[in-house]
Amino acid sequence: MFAKKSMKLSASIKKNIIKTVVGGVTNVSSGTSRRYTLFFEDVFSDYIKLCEESGYSDNIRLVGKKWMNLVMNKHFSGVISKMPVEFFLNNFMKEMWIQLGLMSDFKLKKKSNRLIIETLDEGLSRKINANNLMIGFYEGIMNVVYGHECQLVEANQSLHRCSYVFDLSDERFIPLKSKDKDEYNKLNKISGGYGFTLENAFQKNIFMLQENNDILFRGKTMSPVECTLFHLLGNENLIIDELSNISTCFFSEVIKLDAGEEKLIYLLKNLFQFMGWGVYRFILDSKEITMNITAPPYGLQKEPDNWITLIYTLLGYLRTFRPYLTVDELENKNKKIRVVFN
C-alpha cells in the first residue's frame with residue numbers, strides 16, 4: 001500500500017487553500033473555513049499516553065469520537081453527499097491528511113457491514129503505538145459518513161503501520177449538538193496584527209517543511225489540527241498539571257535557558273502566533289506574568305470553549321525560567337483571554 005505524492009503544505013499556502021495571518025491559520029478547502037492550530041507532537045502524544053496510563057482511556061476515545069463527529073458533520077457534510085463514501089475517504093480525505101503531514105497513507109475497504117482501515121505513519125500512533133484517541137477518531141468519521149454507529153472489532157497500532165476493523169450496527173447515528181457554521185466562522189474570524197505569520201516562519205526557515213510534509217521547529221515535529229480537539233480535551237480536564245510538567249521538559253530541550261526572560265518571552269509570543277493560537281501580548285514584572293490573547297481559536301462543540309490545554313502547555317514553557325509559576329487568574333470575554341501566572 002503506497003500513497004501517491006500529495007500537494008505540499010507550502011503549495012497550499014501559496015494557492016490560498018491554507019490562509020495565514022498573524023495568529024491564525026485557516027483551511028478553506030471543500031468550501032468551508034476551518035481554524036487550524038499547530039501543536040508539538042511530542043507534548044501531545046506524551047500527554048495522551050499519560051492520560052491513558054492513568055485510567056482515562058475511555059475519556060480519550062470519546063474525545064476522538066466527538067471531535068470527528070463534529071468536524072465531519074459540520075465541515076464535510078456537503079462533500080460527503082456528492083460522492084461515494086469510499087471514494088471520499090480514499091481520495092479526498094486521504095489527500096488532505098497526507099498534505100497536512102498527519103499520515104503517509106490511508107485505505108478503507110468495506111465488505112458488507114465490515115469496515116477495514118489501514119494507515120501508514122499515522123499521527124499520534126507513530127509516537128506512542130497503541131492509543132484510544134485514533135480509535136475514537138475513526139469511529140467518529142464512520143458514524144457520520146455511514147450514518148450508523150459502529151463497533152470496534154480489532155485495532156492493531158504500531159509506529160509505522162496501523163489497522164482497524166469496525167462493524168456497522170443497525171443503530172442510526174444521531175449528530176451531536178454544535179455551534180452552527182456562521183457562529184463558528186464569526187468567532188474564528190481573525191484579521192491578524194503586527195508580526196509574523198506561519199508563511200513567514202517557512203520563508204525565514206524558522207520552521208522547516210520536510211518532504212513528507214512534517215513541520216519542524218528545531219528538530220521537533222508539529223502537526224496542524226482543527227482546534228475543536230483541544231476544547232474537548234480541556235473540558236475533560238484530565239491530569240492537567242501533568243501537561244505542564246511534560247511541556248516544561250520538552251521546551252527545556254529546544255531553547256537556550258541562558259537566553260534571558262525577555263528573549264524567551266519574545267520567542268514564545270512569535271511561536272504561538274506562528275502556530276495559529278491567536279495574537280499575543282505578555283507583561284512581565286518581578287512576581288507575575290500576564291498574558292493577553294486576542295482572537296484565540298474556537299471549537300465546534302456546543303459546550304463552553306476551553307483553552308485550558310493551551311494555557312497549561314504554555315505554563316510549562318514559562319516554568320523553564322520561572323519554575324514556581326501557577327495559573328492565578330483566568331478571564332475570557334469578547335474574543336480575548338487574559339491569564340495571570342503568579
Side-chain angles (χ1 to χ4, degrees), residues 23 37-56 59-60 63 217 220 222 225 227 229-299 303-342:
T37 52
L38 274 65
F39 209 88
F40 284 106
E41 282 194 2
D42 287 341
V43 175
F44 185 71
S45 58
D46 285 352
Y47 175 60
I48 295 299
K49 183 178 180 180
L50 188 58
C51 285
E52 298 215 25
E53 289 175 346
S54 301
Y56 298 110
N59 304 69
I60 294 300
V63 163
F217 173 71
K220 301 295 186 179
M222 295 175 285
V225 179
C227 56
L229 171 63
F230 299 107
H231 293 281
L232 294 172
L233 275 173
N235 283 325
E236 290 291 325
N237 197 25
L238 307 174
I239 51 172
I240 200 67
D241 287 331
E242 292 299 330
L243 176 57
S244 294
N245 295 333
I246 290 168
S247 66
T248 299
C249 293
F250 170 82
F251 204 56
S252 297
E253 296 177 1
V254 299
I255 62 169
K256 296 178 181 178
L257 292 173
D258 59 353
E261 286 192 358
E262 289 190 6
K263 286 186 177 180
L264 290 174
I265 285 291
Y266 182 73
L267 171 62
L268 283 175
K269 167 187 166 71
N270 284 308
L271 188 59
F272 275 79
Q273 289 181 170
F274 290 151
M275 296 168 75
W277 286 99
V279 179
Y280 282 72
R281 180 169 172 260
F282 288 91
I283 302 170
L284 281 73
D285 66 25
S286 59
K287 292 184 178 180
E288 64 185 32
I289 297 175
T290 301
M291 177 179 70
N292 294 289
I293 312 173
T294 302
Y298 287 77
E303 298 87 355
D305 290 283
N306 188 321
W307 290 274
I308 291 296
T309 305
L310 163 66
I311 290 166
Y312 276 78
T313 299
L314 206 146
L315 170 61
Y317 296 163
L318 295 175
R319 281 177 174 171
T320 58
F321 52 90
R322 292 197 187 182
Y324 58 84
L325 288 178
T326 59
V327 177
D328 188 42
E329 297 178 35
L330 172 58
E331 182 181 56
N332 168 33
K333 63 180 181 180
N334 300 324
K335 293 182 64 175
K336 294 181 179 180
I337 298 173
R338 176 178 174 272
V339 185
V340 178
F341 301 100
N342 198 328

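The figures that follow rest on heavy atoms only: side chains count, while hydrogens, waters and symmetry mates do not. Residue indices begin at 1 and follow the sequence shown.
Under a 4.0 Å N-O distance rule, the pair E253/K220 qualifies as a salt bridge. Electrostatic pairing of R322 and E261 counts as a salt bridge here, judged by a charged N lying under 4.0 Å from a carboxylate O.
Side-chain contact between E41 and M222 is absent, with no heavy atoms from C-beta onward closer than 4.5 Å. Between M291 and R338 the shortest side-chain heavy-atom distance does not fall below 4.5 Å. Side-chain contact check for L50 versus S54: some heavy-atom pair is nearer than 4.5 Å. Side-chain contact check for L267 versus E262: every heavy-atom pair is 4.5 Å or farther apart. Looking at heavy atoms from C-beta onward, I337 lies in side-chain contact with L330 at the 4.5 angstrom threshold. Using a 4.5 Å heavy-atom threshold, the side chains of F39 and Y47 count as separate. Counting heavy atoms from C-beta outward, I289 and I283 have side chains that stay 4.5 Å or more apart. L314 is not listed as a side-chain neighbour of V339, based on a closest heavy-atom distance of 4.5 Å or more.
For the atom pair CG (N245) and CD1 (I240), the distance works out to 11.0 Å, reported to the nearest 0.5 Å. Summarising the geometry, atom CD1 belonging to I308 is positioned 12.0 Å from atom CG belonging to L238; distances are rounded to the nearest 0.5 Å. If you take CG on L284 and CZ on F321, they are separated by 6.5 Å, rounding to the nearest 0.5 Å. Considering OH of Y56 and CG of L233, their distance stands at 13.5 Å, rounded to 0.5 Å. Between the CG atom in L271 and the CG atom in L264 there is a gap of 11.5 Å [rounded to 0.5 Å]. How far CG of N332 is from CG of N306: 9.5 Å, rounded to the nearest 0.5 Å.
Nearest heavy-atom pair, T309 versus L243, reported as atom, atom and distance to 0.1 Å: O-CD2, 3.5 Å. The heavy-atom pair separating C227 from H231 by the smallest distance is O-CD2, 3.3 Å. For D305 against G299, the heavy-atom pair with the smallest separation is OD1-N, 2.9 Å. Among all heavy-atom pairs drawn from R319 and S244, the shortest one is NH1-CB, 3.5 Å. Nearest heavy atom pair, residue L315 against residue L325, reads CD1-O, 3.7 Å.
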Candidate pair N235 and N237, rule side chain to side chain contact (heavy atoms under 4.5 Å, CB included), full reasoning: CA-CA 5 Å; N235 283 325; N237 197 25; over 6 Å; no
### Message
Is there a side chain to side chain contact (heavy atoms under 4.5 Å, CB included) between S252 and T248? Walk through the geometry before answering.
### Response
CA-CA 6 Å; S252 297; T248 299; 4.3 Å; yes
Practice prompt. Would you please test F230 and V225 for side chain to side chain contact (heavy atoms under 4.5 Å, CB included) and show each step?
Written response: CA-CA 9 Å; F230 299 107; V225 179; 4.0 Å; yes
Output, in order, the C-alpha distance, side-chain angles, deciding distance and verdict of side chain to side chain contact (heavy atoms under 4.5 Å, CB included) for L310 and I293. CA-CA 11 Å; L310 163 66; I293 312 173; 4.1 Å; yes
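Of the residues listed (F282, Y312, F251), the one engaging Y317 in a ring-ring contact (aromatic ring centres under 6.0 Å, His included) is F251, and it is the only one.
Pairs of residues two or more places apart, or lying in two chains, that qualify as side chain to side chain donor-acceptor pair (under 3.5 Å) and include a residue from residues 276-299 are E288-N342.
Taking the six-membered ring where the residue is Trp, F217 and F40 present tilted rings, their angle falling between 30° and 60°.
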